[in-house]
Amino acid sequence: MASRTGMLVLALAAAAALTAPAVPAAATPGPHTGSAPLTGPHAGRATGTGTGPRSGPAALADLTRAALSSSRYLREPAATAAGYVPDRYCVADPAGGGAVGYPHFNHAYDDSLDPAKPAALLYEDDASGRRRLVALEWVVMDRDGKVETDDDRPSLFGQPFKGPIPGRFKGQKVHYALHVWLWKPNPAGLFATFNPDLRCRPGTTRP
């Protein structure tokens, strides 16, 4: 458990750097670390207020809340007991950039922007044949169901969601998604979709 705690500390430290407010510049702003919060018509919904994405200490507080609430799901049986339904297949990046692991969905939390209520928990196989939590995913349905428009893009942890994304399985609508790798380091970034250090075992992906 100590190593898992260490991973979480590192993830939250990285999150603190990503969510720290930018220092105003007198001239043209320089490059940003991570994704910059959207403004204007694309600001979307935000945690708590609905007036724009939270950033800085507020975003870090939300990430800490997500970490503390998800710590109860480090092992898969706790997640299934709480209503998260496992996908039988491991989801890999079609481009070969790693994987997200095994999604466990609780559709009662679709459209949730509550840091303590992700729509999906993502697991990987461990060396003992069990599964352990690696990441969380929030899923918000697109208001008009069109991938061409994104004026309702939500934000959480100071990060705009990715999308709109076409449904990935039967019955899923066009949606936005945000992944947070709180329980496994991700070289691609804390909020990347796929983790290049996670691989699906042969025979575990969808045919």
Side-chain angles (χ1 to χ4, degrees), residues 4 7-8 10-12 14-15 17-18 31-36 38 63 66-67 70 73-76 79-80 84-107 109-112 118-142 145-148 150 153-207:
R4 301 282 277 176
M7 291 177 189
L8 178 58
L10 289 174
L12 291 176
L18 283 173
H32 296 282
T33 301
S35 299
L38 298 178
L63 277 166
S70 63
Y73 303 129
L74 290 177
R75 290 298 179 183
E76 185 183 41
T80 57
Y84 285 92
V85 179
D87 190 321
R88 61 183 294 189
Y89 298 111
C90 181
V91 178
D93 180 3
V100 300
Y102 295 88
H104 292 49
F105 282 99
N106 186 337
H107 292 298
Y109 297 149
D110 285 352
D111 296 316
S112 167
L121 306 173
L122 306 175
Y123 288 81
E124 70 173 346
D125 294 309
D126 66 14
S128 63
R130 297 181 296 180
R131 291 178 182 169
R132 60 189 176 197
L133 183 65
V134 292
L136 317 176
E137 180 182 3
W138 282 260
V139 177
V140 174
M141 300 306 158
D142 182 70
K146 298 178 181 179
V147 296
E148 299 85 4
D150 64 353
R153 183 186 304 277
S155 297
L156 188 62
F157 311 124
Q159 301 294 313
F161 278 51
K162 295 179 176 66
I165 304 166
R168 295 174 294 182
F169 51 81
K170 185 178 180 180
Q172 188 180 42
K173 301 176 182 178
V174 176
H175 62 282
Y176 298 92
L178 181 67
H179 296 75
V180 185
W181 293 85
L182 283 175
W183 297 103
K184 182 180 179 71
N186 188 344
L190 182 65
F191 301 103
T193 300
F194 296 99
N195 190 328
D197 284 348
L198 196 159
R199 299 287 175 179
C200 296
R201 293 183 295 108
T204 64
T205 57
R206 194 177 304 275

With a 4.5 Å cut-off on side-chain heavy atoms, are P118 and E137 touching?
no
Which heavy atom of L178 sits nearest to which heavy atom of P160, and what is that distance?
CD1-O, 4.1 Å
Got a sec, which residues hit side chain to side chain contact (heavy atoms under 4.5 Å, CB included) with I165, two or more places apart in sequence or on another chain?
H175, A177
Looking only at heavy atoms, what is the nearest atom pair of A119 and D110, with distance?
CB-OD1, 3.8 Å
Just so I know, are the side chains of D197 and P187 near enough to count as touching, which here means a heavy-atom distance under 4.5 Å?
yes
What is the distance from atom CG of L133 to atom CH2 of W181, rounded to the nearest 0.5 Å?
10.0 Å
Of the non-hydrogen atoms in P94 and F194, which two are nearest, and what is the gap between them?
CD-CZ, 4.2 Å
When rounded to the nearest 0.5 angstrom, what is the spacing between CD in Q159 and CZ in F191?
4.5 Å
Would you say the side-chain atoms of D142 pair up with the backbone N or O of V147, donor to acceptor, closer than 3.5 Å?
no
Holding to ring-ring contact (aromatic ring centres under 6.0 Å, His included), I want the full list of residues that pass it with H179, two or more places apart in sequence or in another chain.
none
Using the side-chain hydrogen bond (donor to acceptor under 3.5 Å, both in side chains) rule, collect all pairs that involve residues 87-98, keeping only residues at least two apart or in two chains.
D87-R206
Quick one: are L121 and L136 in side-chain contact, heavy atoms under 4.5 Å?
yes
Tell me the closest heavy-atom pair linking A92 and A99, and the distance in Å.
CA-CB, 3.8 Å
Please verify the inter-ring angle class for F157 with W138; under 30° counts as parallel, over 60° as perpendicular, anything in between as tilted.
perpendicular
Can you tell me how far OG1 of T80 sits from NE2 of H104, rounded to the nearest 0.5 angstrom?
7.0 Å
Side chains of S155 and Y176, heavy atoms from C-beta outward: is any pair under 4.5 Å?
no
Does some side-chain heavy atom of R132 sit less than 4.5 Å from a side-chain heavy atom of R75?
yes
My understanding is that only residues two or more places apart in sequence, or in another chain, count here; which of them pass salt bridge (charged side-chain N to carboxylate O under 4.0 Å, His left out) with R199?
none
Among N186, V134, L122, V100, find the residue that satisfies the side chain to side chain contact (heavy atoms under 4.5 Å, CB included) test when tested with N195.
N186
Which atom names give the shortest non-hydrogen contact between P164 and K146, and what distance separates them?
CG-O, 3.9 Å
Heavy-atom closest pair (R201 atom, Y102 atom, distance to 0.1 Å) is NH2-OH, 3.9 Å
Residues which pass ring-ring contact (aromatic ring centres under 6.0 Å, His included) with Y84, listed by chain and number, not counting sequence neighbours
Y73
With F161, which residues qualify under ring-ring contact (aromatic ring centres under 6.0 Å, His included), at least two apart?
none
